[in-house]
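Here's the structure we're looking at; comments come further down.
As the structure is a prediction and not an experimental result, all values here were calculated from the model. Naming: A, B, ... by sequence-line order, numbering from 1 per chain.
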Amino acid sequence: METAKRIIINLLLIILFFVLQTTLFPMLKITRIIPNILIILVSCTGFMQGDRAGLFVGFACGLLLDVCSFEVFGFYSILYMLIGYLNGFFHNLFYLKDLKIPAIMITLSDIVCCFFTYFFLFLMRSRFNIGYYVVNIILPEVVFTLLVAVILYPLLWVIEAYVFKKKTAESS
Amino acid sequence: MSPLVKKPEEKYKLPTKYWLMILSGICVILMLFTFVFDIPLRPLNEVVSVTVVPLQKGVSIIGERLYSKKELINQVNTLVDKNNKLMQQVDELTYENNILMQDKYELNSLRKLYELDQTYSDYPKTGARVISGSTGNWFSTFIIDKGSNDGMKVGMNVLAGGGLVGRITEVGANWSRVLSIIDDTSNVSCMVLTTNDHLIVSGSLSTMENGYINFSQLSENAKDVEVGDKIVTSNISDVYLPGIQVGNISYMEKDSNHLSVSGYVTPSVNFEHISEVLVITKLKTEVE
């Protein structure tokens, strides 16, 4: 029952975040850069629900990205899956009221994601100008993602605290 | 708890480590399949058609609806506030004017499309709406709301406003993915309209910020080519139909090998604001 509920809520969140990422943010066009809100979801799922949930949510997000963005299928699946899984190792450090760890984890995840994208999809095609990409793409994206995370994190926090954690606290 | 003491009611779960390995394996196989053999993945495309695309369509339509609702409420409020007959009349006139302005705007855009239509009148076309932007900051792809049900096929050329936007690279039942010519991985075989000299136009993430993409491999012997010359798709390209406008040369420079010339091209399409596109429903391979 509990797991079924979790799966359904996670699936809904994945679809919601993906639609937000692809329709709302590119159309708002505040800046040329759009935030990577899927990485917020993957990272948060990882350290809130553990490595198993992070793995599956990351895989699902990556698959959607692969279908809708890039030619080589499976690249984002593997990357997001690993990020979700590795975030799961910090599950034990996670407390709902602590904001430092989520901020650090989301930032690190986004940086890792950007660097892997650059390394495999750009450097491999001899785009050697790493300084340009760091200053103009990676840095703004990380900062913007962190700003958006400040708005989106409470939503995930509320779901975790009121839909799931309350029950487990009562039962234990 | 020692691993030997196991609760009898506990269901066996495959450890996460193994899931990681299995899914990684699947991903690697998928990568090999798409990269090496170039096989499209129909079932996954269908999953996207069912789950995400209707929502994306919904969000973009709701966005437009909300905007028109907001306009309507504004107008109602002003009418309630000002009971004066004259003011009402003014409002009516303003409203009328708004509609006329909208009509005028529509007329202008239709005229533009018609002009474009005249230029490439040989090819059958269909309009489509952009329902989703790119998924990140690295690639310039977008999703349109027509797919294989509407006769879209991989390789079809996509136009907007002033010229070539890109080509379809993936098709689902009710959506298609368009790779735009400014994408870092895109290369288009083109020619200079006036002299028919061939060159390659390649998208670039790092120069697109300044509004231009790169061209290269223009022969050094093409002396007549000047800055400002029009670039159109070439007849030797195997995916792009010939004669579609791409942009203008904005800068050129001799390469260090003294054999070729390269430089920048300003695209004719404003890639910041694409909401509707025209798809040529004829493939290059069918034309020939």
Next on the checklist: Is any side-chain heavy atom of S24(B) closer than 4.5 Å to one of M81(A)?
Outcome noted: yes

Checklist entry - Does K153(B) NZ have over 12 foreign heavy atoms under 6.0 Å away? => result no

Next on the checklist: With side chain to side chain contact (heavy atoms under 4.5 Å, CB included) as the criterion, how do I143(B) and T22(A) come out once you've worked through the C-alpha distance, each side chain's angles and the decisive distance to 0.1 Å?
Outcome noted: CA-CA 9 Å; I143(B) 308 276; T22(A) 52; over 6 Å; no

Next on the checklist: Is L64(A) in contact with chain B via its backbone, its side chain, both, or neither, using a 4.5 Å heavy-atom distance?
Outcome noted: side chain

Item to check | For chain B, the option from P35(A), G74(A), G88(A), P140(A) that forms the most heavy-atom pairs under 4.5 Å | outcome: G74(A)

Item to check | Minimum heavy-atom distance R52(A)-L14(B), with the two atoms named | outcome: NH1-O, 2.7 Å

Checklist entry - Are the ring centres of W19(B) and Y85(A) closer than 6.0 Å? => result no

Checklist outcome for this item: The reported gap from CG in L82(A) to CG in L20(B) (rounded to nearest 0.5 angstrom) is 5.5 Å

Item to check | Any F144(A) side-chain heavy atom under 4.5 Å of N137(B) side chain | outcome: no

Item to check | Audit row: N136(A), L205(B), side chain to side chain contact (heavy atoms under 4.5 Å, CB included) steps and yes/no | outcome: CA-CA 10 Å; N136(A) 287 284; L205(B) 181 66; over 6 Å; no

Checklist entry - Is the shortest heavy-atom distance from the side chain of L55(B) to the side chain of F18(A) under 4.5 Å? => result no

Next on the checklist: Taking atom OH as the centre, does Y212(B) end up with more than 12 heavy-atom neighbours from other residues, nucleotides or ligands that are less than 6.0 angstrom away?
Outcome noted: yes

Checklist entry - Considering residues, nucleotides and ligands other than F119(A), do more than 12 of their heavy atoms fall under 6.0 Å from its CZ? => result no

Checklist outcome for this item: If you tally heavy-atom pairs under 4.5 Å between each of D51(A), L11(A), L20(A) and chain B, the highest tally belongs to D51(A)

Item to check | Heavy-atom pair with the smallest gap, counting every atom of F59(A) and C27(B) | outcome: CE1-SG, 3.5 Å

Next on the checklist: Quick one, L30(B) and F75(A) - any side-chain contact, counting heavy atoms below 4.5 Å?
Outcome noted: no

Item to check | Part of Y118(A) within contact of chain B (heavy atom distance under 4.5 Å) | outcome: both

Next on the checklist: Minimum heavy-atom separation for V67(A) and R177(B), please, with both atom names.
Outcome noted: O-NH1, 2.8 Å

Item to check | Heavy-atom side-chain proximity of W138(B) to I137(A) below 4.5 angstrom | outcome: yes

Item to check | Winner by heavy-atom pair count (cut-off under 4.5 Å) against chain B, out of T117(A), I15(A), L38(A) | outcome: T117(A)

Item to check | Gap between atom NZ of K17(B) and atom CG of L55(A) - 0.5 Å precision | outcome: 13.5 Å

Checklist entry - Any sub-3.5 Å donor-acceptor pair from R127(A)'s side-chain atoms to D184(B)'s backbone N or O? => result yes

